[in-house]
**Q** 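Sharing a structure below in structure tokens format, with a few things to ask.
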Amino acid sequence: MVFNLLHVAVREALKERGIEEPTEPQAKAIPEILEGNNVLIIAPTGSGKTEAAMLPILSKMLEQGTENAGIYVLYITPLRALNRDLLDRIRWWGERLGFRVDVRHGDTDKADRQRQSKTPPHILITTPEMLQAVMTGRRLLGHLKEVRWVVVDEVHELAEDKRGVQLSLALERLRYHVGRDFQIVGLSATVGSPVEVAKFLMGVGRPFKIVMVNVVRNMQLDVVRPWPSEEDVKLAESSGLFPDVVARLRLIKKLVEENRSTLIFVNTRSMAELLGFRLSYLFPDLPVAVHHSSLSKMVRVSVEERLKKGDLKAVVATSSLELGIDIGHIDLVIQYISPHQVTRLLQRVGRSGHRLTAVPKGVIIGEDINDVMEAAVVVKLAKNGFIEPTQIPYKPYDVLVNQIVAFLLLKPRWRLEELYEIIKRAYPYRDLTIEELRRVVKFMQDLYPRLATYFEDSDTVARPRGRGFYRYFYETLSMIPDERQYAVINSKTGELVGALDESFIAEYGNPGVKFIFRGRPWLITEVDDRSIKVVEVSDPSGAIPSWIGEEIPVPYEVAQEVGRLRRRVREGATPEDIAREYHVNEETAKHIVEEVKKHEGPLPDDKTVVVEQFRENVVIVHAAFGTLVNRTLGKLLGELLIRLLEKPVGVHQDPYGIIIQTSEALAAELVTEQLEKLAWMEVREIAELIKTALVKSGSFKRRLLHVAKRMGAVDKEADVYSVSMSKLVEAFSGTPVFDEALREALERDLDLSHTVEVLQRIKAREVKILYSPQPTYLGEVLYEKLSHRLEIIPPERLRRLVLDSTKARLLNYTMLGVCLECGWYGLVRVGEVYELRCPKCGGENIGVVRVVRSDNLEREVRRNYEEVKKTAEILRRYGWLGLYVLASRLPLEAVQEVLAQLDGADINAVTERIQELEKEYLKQRLLD
DNA sequence: GACCTGCTGCGGAGTG
């Protein structure tokens with residue numbers, strides 16, 4: 001019994017808690033940690049991982065003593081919300097055993113921070129970013145000298161991210177600072193590459209043990225595709241929804257009612273809103289709420305608490321509830337629509353049933369038949385033990401720059417060789433050469449303001465003079481880029497039509513571009529740093545859908561397996577075979593078989609690419625290679641065809657096919673030839689070709705900008721609108737900024753290595769290319785899916801669409817309200833009638849300031865206080881109408897003037913006048 | 001024949 005190995009005081013505390021039996025990860029991990037090993041614990045959220053790590057550490061603290069003042073344990077989690085949950089959990093043990101436990105992150109107030117630096121806690125819970133800051137304080141650095149244990153929670157989340165790379169270098173720096181090694185315990189959900197993740201956590205050359213709990217083994221997984229019953233049809237008629245939709249909603253209701261507590265995961269925020277809306281619309285008595293990142297922190301916390309208390313029976317969530325935030329016990333997870341990836345499925349379903357004996361239960365509800373096939377494949381892969389491999393960023397230069405600055409803050413001068421030896425121990429930089437490091441350091445010297453000074457003769461790097469150096473560091477504590485949102489404003493009416501992401505603006509945000517938004521075509525007339533102005537047009541031809549980005553990427557392995565499933569059916573597998581092999585019920589299996597059989601002609605599968613002459617000017621390449629490979633292939637084919645034809649070539653793709661379209665005729669044979677040509681190209685040539693195509697894209701500009709900001713080469717305030725693409729590319733070409741942006745794009749947006757593998761299989765004739773002179777069934781399905789994006793919705797359908805329409809994007813339009821009398825501040829929702837009284841002191845002198853999506857409201861208040869004061873007057877005089885005014889982006893002075901003229905007029909008159917004013921204003925700006 | 005069209009995360013210290 002492993003608990004007997006623990007210190008007697010810990011055992012007594014266990015008894016007090018009523019814990020008698022260890023969970024599986026605890027039983028396996030406790031002895032290893034007690035022996036002093038570095039350990040990575042892989043087990044689902046809620047299986048007692050925190051205690052598995054902390055009980056032996058507490059036990060060792062009691063044995064070894066903690067006489068010196070200082071921090072003995074660092075507990076790092078990627079979320080502030082987890083920090084808070086853990087504080088409650090660990091503090092209980094601290095109180096029993098005589099250790100101070102504290103938390104420190106962006107929301108921690110000044111008094112607490114000061115208290116901590118004077119009287120350090122024995123155990124400090126914090127975020128990776130705050131660790132960066134903590135390591136610059138003289139006093140706190142002294143406290144850190146005592147660090148003996150570091151626990152990193154949710155390692156899988158950090159390992160794939162630059163945040164994690166930053167942490168890996170911070171831990172190496174911490175080791176240098178304390179002058180010895182410390183014991184590391186990592187906690188992770190199920191991952192595809194446990195050894196890689198462990199190496200990432202521990203650093204190069206340090207031994208470790210991995211403790212793994214097999215989650216899939218007793219996970220209960222089902223894929224269902226409900227068919228409408230008579231009752232569903234009836235309800236559909238009365239509710240105005242479609243029978244299929246009603247069938248799915250009623251299935252969800254039934255499942256929610258059968259269980260005590262259910263999590264419903266969806267893939268997008270708008271789907272969360274839509275599903276939440278429809279459930280409460282059809283079943284007003286069903287206690288369901290919605291949870292995603294566009295909702296304010298207050299709303300989210302309240303949803304979490306109501307679920308925990310049992311006031312809510314279910315929550316519809318995006319990945320916002322994937323990590324281990326405490327929401328109490330969950331009996332069932334519903335995944336609405338295919339999760340696309342095995343890791344996502346396991347992580348999400350793993351949130352249910354975590355008591356010792358409870359079985360995690362997951363039901364995937366498929367939407368259409370393709371969706372069901374993919375879901376079945378994901379389940380099969382999971383059951384077979386497949387998980388997508390973990391991709392750890394490979395020696396990113398931007399994080400390196402950031403951390404060299406941090407090293408220079410710790411010690412003002414370094415021999416490059418010494419620095420190099422430390423950096424190389426961080427796993428992402430295992431292959432870094434000293435020449436590369438020197439190049440990056442020289443680049444830092446060339447920046448203005450300088451981020452480093454390099455001395456050639458002694459080969460040393462030193463801290464530069466001046467404030468710019470410190471400013472850069474404190475402004476760049478985080479590797480997460482600030483993503484801006486742009487208001488879409490109807491320049492005729494001045495109405496706020498909605499909001500678009502930076503990614504769309506980067507790619508297409510130019511005057512003259514036509515795009516589809518909220519079901520209608522619009523023309524961009526003007527773009528500035530916060531909004532785009534548009535006019536409605538009638539002709540949708542050539543318009544770009546505003547949601548142009550694809551869905552969550554479907555991995556290569558999943559897409560290939562879907563191809564194999566098609567082949568199984570073509571080779572004569574019966575519904576019974578399919579049901580057995582793919583864990584779907586027989587009804588679903590029967591439909592899968594029927595669907596595949598509808599396809600006549602050559603069938604695209606895992607080993608067959610079919611090039612189809614779909615229209616005279618449209619060629620479809622059926623390829624079951626997944627999102628990233630198809631995107632790469634699409635770019636390559638597009639680039640070759642543009643060179644050949646010297647005219648525009650449109651390329652769209654999804655995980656199972658690529659659609660190529662030209663203005664004039666395009667022969668399928670020509671596309672086949674290009675594919676063959678690619679298969680015979682050298683890898684180096686392919687890489688060059690893809691780089692050429694990549695650099696042209698707007699998304700590359702965006703990456704370049706983010707990277708440049710992280711490297712201190714571009715001001716933090718710059719945005720995709722204010723910086724010219726060509727200048728950016730020109731300025732950074734040949735520098736580490738450019739190299740890093742390219743590397744990141746190749747690593748995240750494309751998949752060159754699997755593409756090369758596919759091309760080699762084509763060359764070796766393991767993958768056949770077949771030709772179809774006519775449109776096929778699967779071609780129709782694919783074309784339909786990608787082309788109806790451009791469809792215009794007739795007015796009679798618009799009403800329902802508006803009724804359903806999600807406010808997810810508009811929810812981002814939250815404003816910050818500040819009471820100028822008592823200092824209260826909080827979020828104010830645009831468009832809601834707002835009581836202009838301070839909830840705290842009742843005062844009416846409240847100011848509002850620009851859209852924020854920040855949890856750190858205090859900082860926003862500090863930054864924007866002057867603007868807040870200006871708006872307060874407008875609001876006090878014009879009530880909630882003032883909010884509308886402020887959201888309309890008219891200059892404040894102009895609004896003030898008109899409102900003063902119309903003082904006392906009724907609201908409609910004022911609204912009308914403001915709209916007129918906006919029109920004039922916009923017209924004038926257009927003429928300018 | 002319509003329903004839908006990627007998510008999440010962070011943010012100075014210590015002294016004056």
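Below, chain A is the first sequence line, B the second, and so on; all start at residue 1.
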**Q** Go through the structure and list residues passing side chain to side chain contact (heavy atoms under 4.5 Å, CB included) with A/Ala559, not counting sequence neighbours.
**A**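 Partners of A/Ala559 by the side chain to side chain contact (heavy atoms under 4.5 Å, CB included) criterion, ordered by chain and then number, come out as A/Val554, A/Tyr656.
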
**Q** Can you check the A/Asp232 CG to B/dA2 P distance for me, whole Å?
**A**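 Nearest whole value for this atom pair: 21 Å.
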
**Q** Please state how far atom NE2 in A/His292 lies from atom P in B/dG9, giving the value in whole angstrom units.
**A**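 Rounded to whole Å, this separation is 12 Å.
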
**Q** Which listed nucleotide (B/dC7, B/dG11, B/dG14) is nearest to the side chain of A/Arg139?
**A**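 The answer is B/dG14, which lies nearest to the side chain.
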
**Q** Output the rounded distance in Å from CZ (A/Arg348) to P (B/dG6).
**A**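 Distance check: A/Arg348 CZ to B/dG6 P gives 14 Å.
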
**Q** With A/Asp715, which residues qualify under side chain to side chain contact (heavy atoms under 4.5 Å, CB included), at least two apart?
**A**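 For A/Asp715 the side chain to side chain contact (heavy atoms under 4.5 Å, CB included) partners, ignoring immediate neighbours, are A/Arg471, A/Glu717.
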
**Q** Calculate the interatomic distance between A/Ile337 atom CD1 and B/dT5 atom C1'; express it in whole Å.
**A**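 To the nearest whole Å, that distance equals 9 Å.
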
**Q** Find the distance A/Phe515:CZ to B/dT5:P and express it as a whole number of Å.
**A**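 That distance rounds to 15 Å.
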
**Q** How many whole angstroms separate atom CG of A/Asn370 from atom P of B/dC3?
**A**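 From A/Asn370 CG to B/dC3 P: 18 Å.
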
**Q** State which residues pass salt bridge (Lys or Arg N to Asp or Glu O under 4.0 Å) with A/Lys411; sequence neighbours excluded, sorted by chain then number.
**A**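 In terms of salt bridge (Lys or Arg N to Asp or Glu O under 4.0 Å), with neighbours along the sequence ignored, A/Lys411 is linked to A/Glu418.
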
**Q** Does A/Ala375 have any side chain to side chain contact (heavy atoms under 4.5 Å, CB included) partners at least two apart in sequence or in another chain, and if so, which?
**A**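 A/Val223, A/Ser338, A/Ile364.
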
**Q** Does A/Arg463 use its side chain to pair, donor to acceptor, with the backbone of A/Leu408 at less than 3.5 Å?
**A**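 Side chain of A/Arg463 to backbone of A/Leu408: a pair is present.
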
**Q** Using OP1 and OP2 only, check whether a side-chain N or O of A/Arg113 sits under 4.0 Å from B/dG12.
**A**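 So the side chain of A/Arg113 is within the cut-off, an N or O lying under 4.0 Å from OP1 or OP2 of B/dG12.
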
**Q** Less than 4.0 angstrom between a side-chain N/O of A/Arg80 and OP1 or OP2 of B/dC10, yes or no?
**A**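 Yes, such a contact exists.
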
**Q** Can you tell me how far P of B/dT8 sits from CG of A/Leu158, to the nearest Å?
**A**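 Spelled out: CG on A/Leu158 to P on B/dT8 is 17 Å.
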
**Q** Holding to side chain to side chain contact (heavy atoms under 4.5 Å, CB included), I want the full list of residues that pass it with A/Pro243, two or more places apart in sequence or in another chain.
**A**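 By the side chain to side chain contact (heavy atoms under 4.5 Å, CB included) rule, A/Pro243 matches A/Pro228, A/Val233, A/Ala236.
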
**Q** If you take any heavy atom closer than 4.0 Å to DNA chain B, which residues from residues 472-479 of chain A end up in contact?
**A**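 By residue number: A/Tyr474, A/Glu475, A/Leu477, A/Ser478.
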
**Q** Can you tell me how far P of B/dC7 sits from CD1 of A/Ile480, to the nearest Å?
**A**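 Rounded to the whole Å, the gap is 16 Å.
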
